[in-house]
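What follows is a set of notes on a single structure, which appears directly below.
All values below were derived from every heavy atom in this structure, side-chain atoms included, with hydrogens, water molecules and symmetry-related copies excluded. First the proteins, then the strands, lettered A, B, ... as listed; each starts at 1.
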Amino acid sequence: MGALMVIFSLQPKQRRKTDSVEDELELSAVRHRPEGLEQLEAQTRFSRKELQILYRGFKNECPSGVVNEDTFKDIYSQFFPQGDASTYAHFLFNAFDTDHNGSVSFEDFVMGLSILLRGTVQEKLNWAFNLYDINKDGYITKEEMLDIMKAIYDMMGKCTYPVLKEETPRQHVEVFFQKMDKNKDGVVTIDEFIDCCQNDENIMRSMHLFENVL
Amino acid sequence: MAAGVAAWLPFARAAAIGWMPVANLPMPVAPAEKNKRQDELIVLNVSGRRFQTWRNTLDRYPDTLLGSSEKEFFYNEETKEYFFDRDPDVFRSVLNFYRTGKLHYPRYECISSYDEELAFFGIVPEIIGDCCYEEYKDRKRENAERLMDDQEDNKDAKLPNMTFRETMWRAFENPHTSTMALVFYYVTGFFIAVSVITNVVETVPCGSAPNQKEVPCGERYTVAFFCMDTACVMIFTVEYLMRLFAAPSRYRFMRSVMSIIDVVAILPYYIGLVMTDNEDVSGAFVTLRVFRVFRIFKFSRHSQGLRILGYTLKSCASELGFLLFSLTMAIIIFATVMFYAEKGSSSSKFTSIPASFWYTIVTMTTLGYGDMVPKTIAGKIFGSICSLSGVLVIALPVPVIVSNFSRIYHQNQRADKRRAQKKARLARIRISKTGSSSAFLHSKRNGLFNEALELTGSTEDEKRLSKSTSLLESQHHHLLHCLEKTTVSAHTLELALCHNNILNHEFVDEQYYQQSYLEGGLQNYPSRSPSLSSQDGVTGTCCTRRTKKHHTPLPNASAPAHMQPLTHTHTHPQGLQELSTIHIQPLSTSRSSLNMRVDEPAPLNCQSSQITTAIISIPTPPVTTPEGDAHLPAGPTHQNVVKVSAL
């Protein structure tokens, strides 16, 4: 009997801790309203109607006006049910969260999308470089690339044909570096990256792939 | 994929640009969006209430009615909206499902109407969100139980042709079905009571003779008690054997709880009969008598409350188990503590831990006999903690059991009430049904009458008689009429050569069916040219329909002896006749009777009382049926009689 009572008394303390964390979050992420439609129209390359559609979808999923990383991972994972998209979503989140405040507001979201869907090839490549450069120091190292590569392969999941082997991401990184790293200094700078991509037909073509989305 | 997330697909696709530089192979071509529509508002008009939403919202769930092209069937061109003739309140939940991705079940809504709406809109109920799912499942289960109760009641309906065995089993299971069963029920109940009372009184000390010590009545009046016991056991044995005989599945019956109780109740007696002489086992024999008390459980067949109690205990098995388990734990803990606390004191009753169990149990259940009492201070402290915790541990699972019992008990009450009201309900339903069927028959009569009148060309009667039946009704009647015309008796096809008959099965009024069954059938008549009415001259086939010809039908054979066996119909050679005869059938058109004796020529029996509509003969004005002349001989002598099918 006493043992039971002791066990029961332990539980509430843990719950209280998580409750307080959630309370903090609630207080901070209250309601964020985006800037006016006109401003966004000026800053991005979307038309008014497109912005309306985007905002409706955004607000539906995130009523509070901002996306935090967990929700972001959640949403992104729904598109890749067979694998684990959380790592890649983490990198994506960092790429979208341009002001690095831990949450993606509608403006960040729309700016990112504007570059990806309506931007010039230069801007898109810039964005991709930014994505790969995890610590934002201007260089892509092999380790960073390996992380990205593993994240991408994780999204594929375990049930692939042929079965993915452990060293496949590593090999892929090697190929990438061989292609991109012109001066063989072990890192890829933005200029090397952009030059190399612009010379590659496949990449150029794929940059235009999603232009008619939205 | 959840609904709202579909809105983020453009984002996911855009983010795919992040893979491009890494990829080694060229990407596949993106699907082209043909006629890319700007998102538009759709208006959904549900019984007058207009709902509007984006088309994209509905497209999120393409396997439902609203999300697929199925909704185009409901598109109203003039008003440019989708019209659904359904409940607008439930539609609210349905539309919210598209908007939020979560389906909610409103509590005030009736479960079956909600289910129907979901089925209509093609939404699977399993999607209901966790917030409302429990409620939904509970209501659904309650509803199913209620329906099952109703169905079980229907099973009680007496089936015709039950074997003796089945009747007996039914009598055993439901004493209300017949008087015999009720008598049997009460007799067994009485004997169970007698047996139990005997067992009890047996042990009461009866007055003793002055020099002897008190003996229980059982030993004083041994013979009397033995006789009573024998009588009761006789009855119980007979009852058990009869049930065993009547049971549809003997093996299952033998395994059922009630039969085991029956067996256990009567077994001690028989064992006692066998064992009386052996001294050694008489001790065991005495113990066996204890089992006689199981006879009292036989009362559960007689009392529904007992059955409910048993069922409740069974359904609360887990709560009871928990109660037992927690009690055991507590007992062991406290017994140990008390034992060690009282170890010090001399002359302590707490000689061992198992001995302390008794103290713990008595204290926890707040009985407190006082035969074992702690003497040390520590013992007293722990003793008081023990009694306090006992109250708590016992009080916790009990409400669960009580609520279960209450629920089952009320369900049973409801079922009983419904069963009692069922008769009245069924009677009312039957009245409304016969009302509608007699409406059909009535208008059928009118309809045919109209047709006949059309043939005769007398319009004023027609105007008088034609009621304004709605289009729906008239179409329904036409349908039933077609069915009548279609159904052909196989038997008569064989006779087609001789008689060229077609028999139609016609709808008959129940009342007339009854009458006819008693009184006999009637016949139809043929032709205008008697000479042609004989069988031979008749041209082959059975009547085709020409304009408004109705075929002559049936021989109505009548079953009972005093009726005149009938039959015989006759045909009309097609070419010659303009008018077909419409046959009156007041009577038995049951298929069984139709199969009887088709070929006998029979005196036609026109039982006037049964025919209610006019017999119209062509040249003469319509005559109402009750005609004096009952007998119309077959064939030749009778001319031009057109009879309207009467019901």
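- Using a 4.5 Å cut-off between heavy atoms, Phe91(A) does not touch chain B at all.
- With a 4.5 Å cut-off on non-hydrogen atoms, Met204(A) does not touch chain B at all.
- Contact record, Ile17(B) with Leu116(A): CD1-O, 3.4 Å, taken as the closest heavy-atom pair.
- Other residues, nucleotides and ligands contribute at most 12 non-hydrogen atoms within 6.0 Å of the CD1 atom of Ile377(B).
- Environment of NZ in Lys102(B): sparse, with no more than 12 heavy atoms of neighbouring residues, nucleotides or ligands closer than 6.0 Å.
- More than 12 heavy atoms of other residues, nucleotides or ligands sit less than 6.0 Å from atom NZ of Lys182(A).
- The aromatic rings of Phe11(B) and Tyr76(A) sit perpendicular, their planes meeting at an angle over 60°, well past the 30° parallel limit.
- Remark: Tyr133(B) OH is packed, more than 12 non-hydrogen atoms of other residues, nucleotides or ligands lying under 6.0 Å away.
- More than 12 heavy atoms of other shown residues, nucleotides or ligands fall within 6.0 angstrom of atom OH in Tyr153(A).
- Smallest separation of non-hydrogen atoms from Gly18(B) and Leu131(A): CA-CD2, 3.7 Å.
- Among all heavy-atom pairs drawn from Leu117(A) and Ala14(B), the shortest one is CD2-CB, 3.6 Å.
- Using a 4.5 Å cut-off between heavy atoms, Val173(A) makes no contact with chain B at all.
- Of all the listed residues (Trp127(A), Phe193(A), Phe176(A), Tyr88(A)), the one sharing the greatest number of non-hydrogen pairs under 4.5 Å with chain B is Tyr88(A).
- Within 6.0 Å of CZ on Arg45(A) lie more than 12 heavy atoms contributed by other residues, nucleotides or ligands.
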